Amino acid sequence: VAIPRRAVDVTDEEYDAVMAVNQRGAFLVAKEAARRMIQAGVRGSIINVASIQGVRQSGMHTTYGMSKAAVIQMTKIMALELMRQNVRVNALAPGYFPSEMTGDFYETERGQY
């Protein structure tokens, strides 16, 4: 979920909505997957979906970038914590590609490059 706004214009409700889906949701799913793998004594892999915005900056995406940076850090920490239980934790951080969320960007002059 992304709500494009400058940091000073983000409402508390918008912040909470973006973090709830992008960061909290990813954490709860990864935590439950890890718990079940450990309980079953099986090897496994957890793949989190981050974004290029988690490592690069662009205007109007403060909360989105923060939430995806949190997913990346969470992935690193969970990988460290779960390696002895043979559970790998990785994240994909895709760049820009045409989607519902980026459609308007591709219509701009900057999006043509």
Side-chain angles (χ1 to χ4, degrees):
V1 172
I3 302 173
R5 301 236 192 291
R6 292 178 36 203
V8 297
D9 297 327
V10 174
T11 67
D12 293 349
E13 292 78 17
E14 290 169 334
Y15 173 86
D16 290 342
V18 170
M19 296 304 274
V21 172
N22 295 354
Q23 191 277 319
R24 187 172 193 267
F27 173 71
L28 294 176
V29 170
K31 178 181 79 164
E32 184 62 18
R35 190 187 67 74
R36 289 180 184 210
M37 285 182 230
I38 293 167
Q39 188 175 42
V42 299
R43 294 174 173 229
S45 184
I46 297 168
I47 308 296
N48 294 312
V49 179
S51 168
I52 190 88
Q53 290 291 320
V55 293
R56 294 182 60 181
Q57 302 76 37
S58 72
M60 305 291 288
H61 288 96
T62 305
T63 53
Y64 182 77
M66 290 168 55
S67 69
K68 294 303 183 170
V71 170
I72 292 167
Q73 188 65 11
M74 173 193 77
T75 299
K76 292 175 182 180
I77 294 168
M78 289 185 78
L80 193 69
E81 291 178 351
L82 297 171
M83 68 181 176
R84 286 195 164 81
Q85 285 83 33
N86 292 309
V87 175
R88 294 183 318 269
V89 186
N90 298 100
L92 300 174
Y96 294 106
F97 58 91
S99 70
E100 185 177 311
M101 190 166 68
T102 62
D104 292 341
F105 171 73
Y106 282 101
E107 301 294 322
T108 68
E109 182 178 333
R110 189 170 164 222
Q112 300 301 310
Y113 296 102

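The structure presented is a predicted model; accordingly, all values stated were derived computationally and were not measured.
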- Task: Quick one: do V10 and I3 satisfy side chain to side chain contact (heavy atoms under 4.5 Å, CB included)? Show the steps, please.
- Result: CA-CA 8 Å; V10 174; I3 302 173; over 6 Å; no
- Message: Test of understanding: clusters of I, L, V, M, F, W, Y form through side-chain heavy atoms closer than 4.5 Å, transitively. Do I77 and I47 belong to the same one?
- Response: no
- Task: Report whether F27 and V87 are members of the same hydrophobic cluster (ILVMFWY, side-chain heavy atoms less than 4.5 Å apart, transitive linking).
- Result: yes
- Residue pairs passing the salt bridge (Lys or Arg N to Asp or Glu O under 4.0 Å) test with at least one member in residues 8-19, sequence neighbours excluded, are R5-E14
- Which residue pairs pass the salt bridge (Lys or Arg N to Asp or Glu O under 4.0 Å) test with at least one member in residues 74-95, sequence neighbours excluded? none
- To the nearest 0.5 Å, tell me how far T63 OG1 sits from Q53 CD. 10.5 Å
- Message: If I compare all heavy atoms of V18 with all of S67, which pair ends up nearest, and what's the gap?
- Response: CG1-OG, 3.9 Å
- Would a hydrophobic clustering, with Ile, Leu, Val, Met, Phe, Trp and Tyr connected at side-chain separations under 4.5 Å, put M19 with V29? no
- Query: Quick one: OG on S45 to CG on N86, what's the gap to the nearest 0.5 Å?
  - Reply: 11.5 Å
- Query: Does the side chain of V89 reach to within under 4.5 Å of the side chain of N48, using non-hydrogen atoms?
  - Reply: yes
- State, to 0.1 Å, how close M37 and G44 come at their nearest heavy-atom pair, and which atoms those are. SD-CA, 3.4 Å
- Message: Could you report the tightest heavy-atom contact between A50 and P94, atom names first, then the distance?
- Response: O-CD, 3.7 Å
- Which salt bridge (Lys or Arg N to Asp or Glu O under 4.0 Å) pairs, counting each pair once, include a residue from residues 30-39, with sequence neighbours left out? E32-R35, E32-R36
- Query: When rounded to the nearest 0.5 angstrom, what distance separates CG in L82 from CZ in R43?
  - Reply: 14.0 Å
- Note on the structure: To the nearest 0.5 Å, atom CD of Q23 lies from atom CE of M74 at 7.0 Å
- Pairwise distance OG1(T75) to CG(L80) - rounded to 0.5 angstrom: 12.5 Å
- For S58 and H61, work out which heavy atoms get closest and say how close. OG-ND1, 3.5 Å
- Taking atom CD of Q57 and atom OG1 of T62, what is their separation to the nearest 0.5 Å? 10.5 Å
- Message: Strictly distance-based, threshold 3.5 Å: is any side-chain N or O of K68 a donor or acceptor partner for the main-chain N or O of V55?
- Response: no
- Mind listing the closest non-hydrogen atom pair of M78 and A34 along with its distance? CE-CB, 4.4 Å
- Tell me whether Y64 is reachable from V71 by hopping between hydrophobic residues (I, L, V, M, F, W, Y) whose side-chain heavy atoms are closer than 4.5 Å. no
